[in-house]
Amino acid sequence: MVGDGFIINHSTNSSNKLESPKKTKKKKKRGGTKKKMTTEQTLAFKSVSEWVFLEQASSLPSTAASCVVDDFGVQKSLGRGGDKVVFELHSHSKCSDGFLSPSKLVERAHGNGVKVLALTDHDTMSGIPEALEAARRFRIKIIPGVEISTKFYPRGDSEPEEPVHILAYYSSCGPTSFEDLEKFLSNIRDGRYLRAKTMVSKLNMLKLPVKWEHVSRIAGKGVAPGRLHVARALVEAGYVENLKQAFSRYLFDGGPAYSTGSEPLAEEAIQMICDTGEVMENWLCYSDLAETYDLLKLGGSDYHGRGGHGESELGSVNLPVLVLRDFLKVARPIWCRSIRHILENYAEEPSDFNLAKITRLKLSHVSINQGGIQVPVESK
């Protein structure tokens, strides 16, 4: 689901008319001409850049202002520079079904010029701490995220269910109630184990003796196996030539080895997202519905690190600056409320447990007023 962009129609004239030498056209330079931004786009770029480069004073594009106010009302000076603003809002690491570790994913994003990276592993946020640590080295902004597996009955229980993946985006502090979210995701991951085992059993019945131990080894310790891990086992065992063939023959939705897990209803996931201070995106291209209900359409590469020509590279989805502005306009108030809630919890109960939530903040110093008392919080 990618936001609206510019479409350029390229046409050729098939006529063979000869032109006078006096009217020969000048050769155009390669790369074409850049279309100037409108006033609205310029202001949107300024707004987005101020947020992206908030902690990188020397890297702020020259179109941005020299001073901004962050999400806590703290004024910060900004420098000048010429960096391009690239958002990547859909990526996976080895913590689910990606091929790269979170730190290697961040490093690759940095190499591709990505300035904002959302790590959205399937039904887990276990890779976020490592991604945040790596992001400090490469000066990338991380949006902690998760891709939640759900099911949806479009016309009631009498019709077949449809799988719907929902991307949830958090503030830098994470969810307001991590325990509730983790319990919710843990139940889904348990279902992923059962689902993968069922797929292995179905493959065995199809005379393809894939071993469960092989799938588990590919997934890695503590990682709930998914279809991609089963597909890799098929490739490594020599039963198919590549991942694409594994899916097209056996693992596609409704395929001979396909199986569902214990996914919650989409409505339940949405409620959990709202309760824990997230911004969400539906990842099954319901573009018409988004337009009907005036919902924001986002996009990302869905990068897994498989390699080959069939996968989009990190940062390859060019989201229009107006879409990014609208995304942050919706997200930042939600994230601010989430951060404020976590800080207030610490002010009421300054325990190590509540402090651990705050140390993920990337501000050097935060203070909140609780009952007339200033409570300073130093972040690492």
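Note that the coordinates shown come from a computational prediction; the quantities given were computed from them, not determined experimentally.
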Checklist entry - Just wondering, more than 12 heavy atoms not from Lys151 lying within 6.0 Å of its NZ? => result yes
Between Leu185 and the options Thr124, Ile148, Asp180, Asp190, the side chain to side chain contact (heavy atoms under 4.5 Å, CB included) test singles out Ile148
**Asked** With the threshold set at 4.0 Å, does a side-chain nitrogen-carboxylate oxygen contact exist between Glu40 and Arg325?
**Response** yes
d(Ser201 OG, Trp212 CH2) to nearest 0.5 Å is 9.5 Å
Aromatic contact, Tyr169 with Phe327 (centres under 6.0 Å):
yes
Interatomic distance, CG@Leu243 vs NE2@His304, rounded to 0.5 Å, equals 10.5 Å
- Message: Regarding Lys244 and Glu311, does a basic nitrogen lie under 4.0 Å from an acidic carboxylate oxygen?
- Response: no
Practice task
Treat each ILVMFWY residue as a node, draw an edge where side-chain heavy atoms are under 4.5 Å apart, and state whether Ile270 and Val146 are in one component.
Solution key: yes
Item checked: Salt-bridge criterion met for Asp97 and Arg192 (N-O under 4.0 Å) -> no
Separation between CD1 (Ile273) and CG (Leu181), nearest 0.5 Å, reads 8.5 Å
In this structure, CG of Leu194 is separated from CE of Met199 (nearest 0.5 Å) by 11.0 Å
The reported gap from CG in Leu100 to CZ in Arg306 (rounded to nearest 0.5 angstrom) is 11.5 Å
Using salt bridge (Lys or Arg N to Asp or Glu O under 4.0 Å), reason through Arg189 and Glu182 one step at a time and then give a plain yes or no.
CA-CA 10 Å; Arg189 292 197 298 271; Glu182 177 55 27; 2.4 Å; yes
Separation between CD (Glu147) and CG (Leu119), nearest 0.5 Å, reads 11.0 Å
Partner of Ser301 under side chain to side chain donor-acceptor pair (under 3.5 Å), picked from His90, Glu88, Glu313, His92, is Glu88
query = Can you find a side-chain donor-acceptor pair between Gln271 and Asp275 that sits under 3.5 Å?
reply = yes
Exactly one of Leu105, Ile128, Asp121 clears side chain to side chain contact (heavy atoms under 4.5 Å, CB included) with Cys95, and that residue is Asp121
Does atom NZ (Lys202) have a neighbourhood of more than 12 heavy atoms from anything else shown, all under 6.0 Å?
yes
**Message:** Is the positively charged end of Arg227 above the ring of Phe252, judged by distance under 6.0 angstrom from the centroid and angle within 45° of the axis?
**Reply:** no
* To do: Go through the side-chain N and O atoms of Tyr303 and Arg108 and say whether any donor and acceptor fall under 3.5 Å apart.
  => yes
| message | Using the rule given for side-chain hydrogen bond (donor to acceptor under 3.5 Å, both in side chains), can you reason through Ser149 versus Glu263, listing the C-alpha separation, both sets of side-chain angles and the distance that settles it, and then say yes or no? | response | CA-CA 6 Å; Ser149 306; Glu263 297 87 358; 5.5 Å; no
Regarding Trp51 and Ser47, do their side chains bring together a donor and an acceptor under 3.5 Å, going by distance alone? no
